[in-house]
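Model, not experiment: these values are computed from the prediction. Residue numbers count from 1 along this sequence.
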Amino acid sequence: MSEAKKNASAKGEKTMDKDKEEVLENIMEELEQEAKDKEKEVPEGEKEQEAGSEPEEASKEKESEDAKEDDKKKGLFNKKEKKNPLQEKVDELNDKVLRQMAEFENFRKRTDKEKAQQFELGQSNVLEKLLPIVDNFERGLAAVPEAEKEGAFADGMNKIYKQLITELENLGVTPIEAVGKEFDPNFHNAVMQVESDEYESGIVAQELQKGYMFHDTVLRHSMVGVTP
């Protein structure tokens, strides 16, 4: 082969390689342009949906976990609120027993109070019947002549009188103060008016019959004379 033919052949091969490269480049450009066109054809909403799909799924999973946690809490509360029927019956019986015990205690206190009041009433009736005996002792001792006051009879009567007064005081019977005190209808029974230069108006100037108290109750009012 001549030198001219070799050169022509080499030149032809280079031309063919160049044409191949241009064809490949064109194919690549067309593929890229086609991909770009497809991306443009995809709606923006779908892109956003694809972009936000993962957070939405995560949100749904979180909501599901929260719901399960709420159900678990509700279940725990329901377990706490739900009582055992046997325990409810025991509590009911216990409450009934406590109520009956309280009612019985109130009844006992009320009964004891009523008994005490009845006892004091009966005691006051007996003591009231003894007061005339005390009056007679006082009148008898006041009537003893001065010459006989030191005698054995008068001395014996005086000792019995003092013993009787002591026992009455031990039972809660005490005399009501009258002379020199302001007239009080709660303790004094005025039967007459008495002129007196010693006391002002409305003051007890004379005691005709001694009155007595039984604890805080008037056993007998004092019979008195009051200054006008």
Side-chain angles (χ1 to χ4, degrees), residues 89-228:
K89 189 66 175 178
V90 171
D91 293 340
E92 182 180 353
L93 292 175
N94 188 33
D95 182 67
K96 185 180 293 185
V97 170
L98 291 176
R99 288 177 181 274
Q100 289 180 350
M101 289 177 65
E103 291 177 0
F104 178 76
E105 184 65 18
N106 293 332
F107 171 76
R108 186 185 64 79
K109 291 180 179 179
R110 186 169 60 252
T111 303
D112 291 343
K113 186 177 180 180
E114 291 175 356
K115 285 181 180 179
Q117 290 176 348
Q118 291 177 358
F119 179 77
E120 287 184 0
L121 180 60
Q123 194 175 19
S124 64
N125 290 334
V126 174
L127 295 173
E128 189 176 2
K129 294 182 184 301
L130 293 176
L131 295 181
I133 300 173
V134 176
D135 296 337
N136 291 332
F137 265 105
E138 291 176 349
R139 293 191 189 98
L141 291 172
V144 175
E146 289 293 333
E148 297 179 6
K149 283 186 178 181
E150 300 297 332
F153 179 74
D155 184 56
M157 286 185 61
N158 192 32
K159 287 181 179 179
I160 295 172
Y161 169 73
K162 288 181 178 180
Q163 183 180 5
L164 181 59
I165 294 299
T166 301
E167 293 300 326
L168 289 175
E169 288 177 353
N170 292 335
L171 292 172
V173 179
T174 54
I176 297 174
E177 296 183 5
V179 178
K181 300 293 182 180
E182 185 177 358
F183 174 75
D184 187 348
N186 294 318
F187 303 104
H188 307 137
N189 183 19
V191 295
M192 60 184 297
Q193 290 183 346
V194 178
E195 297 290 342
S196 175
D197 297 332
E198 184 179 359
Y199 301 110
E200 298 177 356
S201 177
I203 302 299
V204 176
Q206 185 179 1
E207 184 179 54
L208 303 176
Q209 187 181 57
K210 189 178 291 185
Y212 290 92
M213 295 285 295
F214 178 54
H215 298 297
D216 297 330
T217 306
V218 176
L219 191 60
R220 187 178 72 181
H221 288 77
S222 298
M223 191 178 297
V224 298
V226 185
T227 56

## Note on the structure
OG of S222 to CD of Q206, rounded to nearest 0.5 Å, is 12.5 Å

#### Entry: Spacing of CG belonging to D91 relative to NZ belonging to K96, to within rounding of 0.5 Å
13.0 Å

### Message
Quick check on R108: does its CZ atom have over 12 non-hydrogen neighbours (other residues, nucleotides or ligands) under 6.0 Å away?
### Response
yes

### Query
Considering only heavy atoms from C-beta outward, does the side chain of M192 approach that of L208 to under 4.5 Å?
yes

#### Entry: Donor-acceptor contact below 3.5 Å, side chain N106 vs main chain A102
yes

### Query
For E150, does the CD atom have more than 12 heavy-atom neighbours from other residues, nucleotides or ligands under 6.0 Å away?
no

### Query
If you round to the nearest 0.5 Å, how far is CG of D95 from CD of Q100?
10.0 Å

### Query
Any idea which heavy atoms bring L141 and A154 closest together, and the distance?
CD2-O, 4.1 Å

Side-chain donor-acceptor pairs of residues 175-185 under 3.5 Å, sequence neighbours excluded:
from	atom 1	to	atom 2	distance (Å)
E177	OE1	K181	NZ	3.4
D184	OD1	N186	N	3.0
D184	OD1	N186	ND2	3.3

### Task
Drop me the distance from Q163's CD to I165's CD1, to the nearest 0.5 angstrom.
11.5 Å

### Query
What is the distance from atom CG of D112 to atom CZ of R110, rounded to the nearest 0.5 Å?
11.0 Å

## Note on the structure
Scanning both residues in full, the closest heavy-atom pair of Y212 with V173 reads CD2-CG1, 3.8 Å

### Query
Nearest heavy-atom pair of S201 and P228: which atoms, and what distance?
OG-O, 2.8 Å

### Query
Hey, does the side chain of T227 reach the backbone of G202 with a donor-acceptor pair shorter than 3.5 angstrom?
yes

### Query
Do L121 and S124 have side chains that get closer than 4.5 Å, going by heavy atoms?
yes

### Query
Any side-chain heavy atom of D135 sitting closer than 4.5 Å to one from R220?
yes

### Summary
Rounding to 0.5 Å, atoms CE (M157) and CG (N136) come to a distance of 9.0 Å

#### Entry: Any side-chain heavy-atom pair of M213 and V218 under 4.5 Å
yes

### Message
With salt bridge (charged side-chain N to carboxylate O under 4.0 Å, His left out) as the rule and sequence neighbours excluded, what pairs involving residues 189-213 come up?
### Response
E138-K210

### Query
Is there side-chain contact between N158 and F137, with heavy atoms separated by less than 4.5 Å?
no

